[in-house]
Asks: 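Pasting in a structure now, in C-alpha cells, and then I'll have a few things to ask.
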There are 2 protein chains.
Amino acid sequence: MGASKSEFFSEQQNEMASLFKAISHPARVAIIEYLLRVDSCICGDIVNELPLAQPTVSQHLKELKSVGIIKGNIEGTAICYCLNPDTMKKLENYFSGISNNLIMKCC
Amino acid sequence: MGASKSEFFSEQQNEMASLFKAISHPARVAIIEYLLRVDSCICGDIVNELPLAQPTVSQHLKELKSVGIIKGNIEGTAICYCLNPDTMKKLENYFSGISNNLIMKCC
DNA sequence: TTTGTTTATCGTAATATTGCAATATAAAAA
DNA sequence: TTTTTATATTGCAATATTACGATAAACAAA
C-alpha cells in the first residue's frame with residue numbers, strides 16, 4: 001500500500017488535493033509569500049531568500065509550477081518566476097464557496 | 001534527509017502548510033465536501049461514503065481534526081463530525097488576501 | 001454480564017517526500 | 001572558444017504518508 005487511491009475520487013477532488021499538496025510545505029508557502037511581496041518578479045533570489053540548498057529550491061519551484069501555481073519565464077540566463085493569478089483565484093473561489101454553503105448545522 | 005526544515009520558517013507559514021497538508025489528499029477533500037453537502041452532521045456514514053476501509057477513514061478524520069478543520073462531538077456510540085467554520089474562514093481569508101495583493105506585475 | 005455497534009489504535013508493508021552533493025545544461029560574457 | 005553565471009537533473013539516504021487487517025476501547029441494548 002502507501003499509494004493513495006486517487007482513482008476512486010472525482011477529477012475535481014484530485015485536482016484540488018494536488019493544489020493543496022503543492023502548498024503543503026512551509027518552503028513552498030514561503031515562496032508564494034515572497035513572490036507576492038517583492039515588487040518585481042524576482043527569480044533566483046528565491047534561492048537566497050530560503051534556508052535551503054539550490055537544488056532543493058529548484059525542486060520546490062518545479063512542484064509549484066507543475067500544478068500551475070507559479071509560472072516561469074526565461075530571461076537570458078535567469079528565470080523569472082511569478083504567481084499564476086488564475087490558480088490563486090481558483091483557490092480563493094474554492095473556500096469562498098465553502099463559506100457560502102457553511103450554514104451552522106450542528107456541533 | 002527527508003524531514004522538512006520547518007524550524008527555519010515562520011510559525012504562520014508552518015501553520016498554513018499544516019492546514020494545506022491536511023487537505024492535500026483526495027479522501028480528505030471528499031470528507032470536507034461531504035460534510036458540506038449533507039443536511040445533518042452525519043458521522044460514521046463517512047466510512048460508507050468513501051471507498052476506503054474504516055481504519056483508514058478514521059485516520060483521515062484524525063488528521064483533519066488535529067489541525068482544526070473538523071470538530072467531533074460524541075453522541076452515544078457514534079461521533080458527529082462537522083466542519084469548523086473558523087478554520088474555513090481562515091483559509092478563505094488567506095487566499096482573498098493573496099488575490100487582493102496580486103497586482104499583475106510580470107510574466 | 002454478555003452481545004452488538006461504533007470508532008480508535010497498533011503494527012506493518014508499500015510508496016512518496018525531503019534534502020543535498022555531484023553533476024549536467026544552457027545562455028551570457030570574456 | 002573558454003569561462004562564468006543561473007538553473008535543472010540525478011542519485012541516494014532519511015523520513016513521512018497511505019492503507020488495512022487485527023485488535024482494542026467505549027458504550028448501548030439485551
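Residue numbers start from 1 in every chain, and the chains themselves are labelled A, B, ... in the order their sequence lines are given, proteins ahead of strands. The structure displayed is predicted, hence computed values, not measured ones. Computed from heavy atoms alone, side chains included, the values below leave out hydrogens, waters and symmetry copies.
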Asks: Over how many whole Å does the gap from A:Lys65 atom NZ to D:dT9 atom P extend?
Replies: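 Distance, rounded to whole Å: 9 Å.
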Asks: Please work out whether the ring planes of A:His60 and A:His25 are parallel, tilted or perpendicular, with thresholds of 30° and 60°.
Replies: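 A:His60 vs A:His25 ring planes: tilted.
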Asks: Check the side chains of B:Ser99 and A:Glu92 for a donor-acceptor pair under 3.5 angstrom, ignoring hydrogens and angles.
Replies: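 Yes, a side-chain donor-acceptor pair sits under 3.5 Å.
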Asks: Just the rounded figure in Å: distance from C1' of D:dT17 to CG of B:Leu52.
Replies: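 Rounded to whole Å, this separation is 14 Å.
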Asks: Are B:Tyr34 and B:Tyr81 close enough that their ring centers fall under 6.0 Å?
Replies: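 No, ring centres 6.0 Å or more apart.
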Asks: Measuring to OP1 and OP2 of C:dT6, would you say a side-chain N or O of B:Tyr81 lies under 4.0 angstrom away?
Replies: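 For C:dT6, neither OP1 nor OP2 has a side-chain N or O of B:Tyr81 closer than 4.0 Å.
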Asks: Looking at every strand, decide which applies to B:Leu61 at a 4.0 Å heavy-atom threshold: base, sugar-phosphate, or nothing.
Replies: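 The residue B:Leu61 makes no contact with any strand.
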Asks: Could you tell me how far apart A:Leu64 (CG) and D:dT7 (C1') are, to the nearest whole angstrom?
Replies: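 Result: 16 Å.
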Asks: Contact class for A:Glu63 vs. all strands (heavy atom < 4.0 Å): base, sugar-phosphate, or nothing?
Replies: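 It contacts sugar-phosphate atoms only.
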Asks: Quiz question: going by heavy-atom distance under 3.5 Å, is there a donor-acceptor pair between the base of C:dA8 and the side chain of B:Gln59?
Replies: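 Such a pair does not exist between side chain and base.
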Asks: Ring centroid separation for A:Phe20 and B:Phe95, is it under 6.0 angstrom?
Replies: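 No, ring centres 6.0 Å or more apart.
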Asks: Measure CD1/B:Ile23 against P/D:dT18 and give the value in whole Å, please.
Replies: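 Whole-Å distance recorded here is 13 Å.
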Asks: Report yes if at least one side-chain N or O of B:Lys62 is closer than 4.0 Å to OP1 or OP2 of C:dT9; otherwise report no.
Replies: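 Answer yes for this pair, as a side-chain N or O of B:Lys62 is under 4.0 Å from OP1 or OP2.
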Asks: May I ask you to evaluate whether B:Thr56 reaches the phosphate of D:dC20, defined as a side-chain N or O under 4.0 Å from OP1 or OP2?
Replies: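 So the side-chain polar atoms of B:Thr56 do come within 4.0 Å of the phosphate oxygens OP1 or OP2 of D:dC20, strictly under.
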Asks: Using whole Å, report how far CG of A:Leu50 lies from C1' of C:dC20.
Replies: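 Answer to the nearest Å: 15 Å.
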Asks: Ion pair present between B:Glu15 and B:Lys90, side-chain N to carboxylate O less than 4.0 angstrom?
Replies: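 The answer is yes: the pair qualifies as a salt bridge.
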Asks: How would you label the contact of A:Lys21 with the nucleic acid (heavy atoms, under 4.0 Å): base, sugar-phosphate, or nothing?
Replies: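 Here A:Lys21 touches the backbone only, sparing every base.
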Asks: Which residue lies toward the 5' end of DNA chain C, A:His25 or A:Pro55, if each is placed at its nearest nucleotide?
Replies: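 The residue whose closest nucleotide sits nearer the 5' end is A:His25.
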Asks: How many whole angstroms separate atom NZ of A:Lys5 from atom C1' of D:dT18?
Replies: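 From A:Lys5 NZ to D:dT18 C1': 10 Å.
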Asks: For the pair made of CG in A:Asn73 and C1' in D:dA8, what is the distance, rounded to whole Å?
Replies: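 To the nearest whole Å, that distance equals 17 Å.
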Asks: Decide yes or no, distance alone: a donor-acceptor N/O pair under 3.5 angstrom between the base of C:dA8 and the side-chain of B:Gln54.
Replies: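 Under the 3.5 Å cut-off, the side chain and the base do form a donor-acceptor pair.
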Asks: Nearest 0.5 Å, what's the CD-CZ distance between A:Gln59 and A:Arg28?
Replies: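 Reported to 0.5 Å precision, the distance equals 8.5 Å.
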Asks: Please test B:Asn84 against B:Ile69 for side chain to side chain contact (heavy atoms under 4.5 Å, CB included), starting from the C-alpha separation and ending with a verdict.
Replies: CA-CA 5 Å; B:Asn84 182 345; B:Ile69 287 178; 6.0 Å; no
Asks: Would you mind reading off the distance between A:His60 atom NE2 and C:dA16 atom C1', rounded to a whole angstrom?
Replies: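 Distance check: A:His60 NE2 to C:dA16 C1' gives 14 Å.
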Asks: Shorter than 3.5 Å, N or O on both sides, protein versus nucleotides 26-30 of chain C: list them out with atom names.
Replies:
unit_1, atom_1, unit_2, atom_2, d
C:dA28, O4', A:Thr77, OG1, 3.4

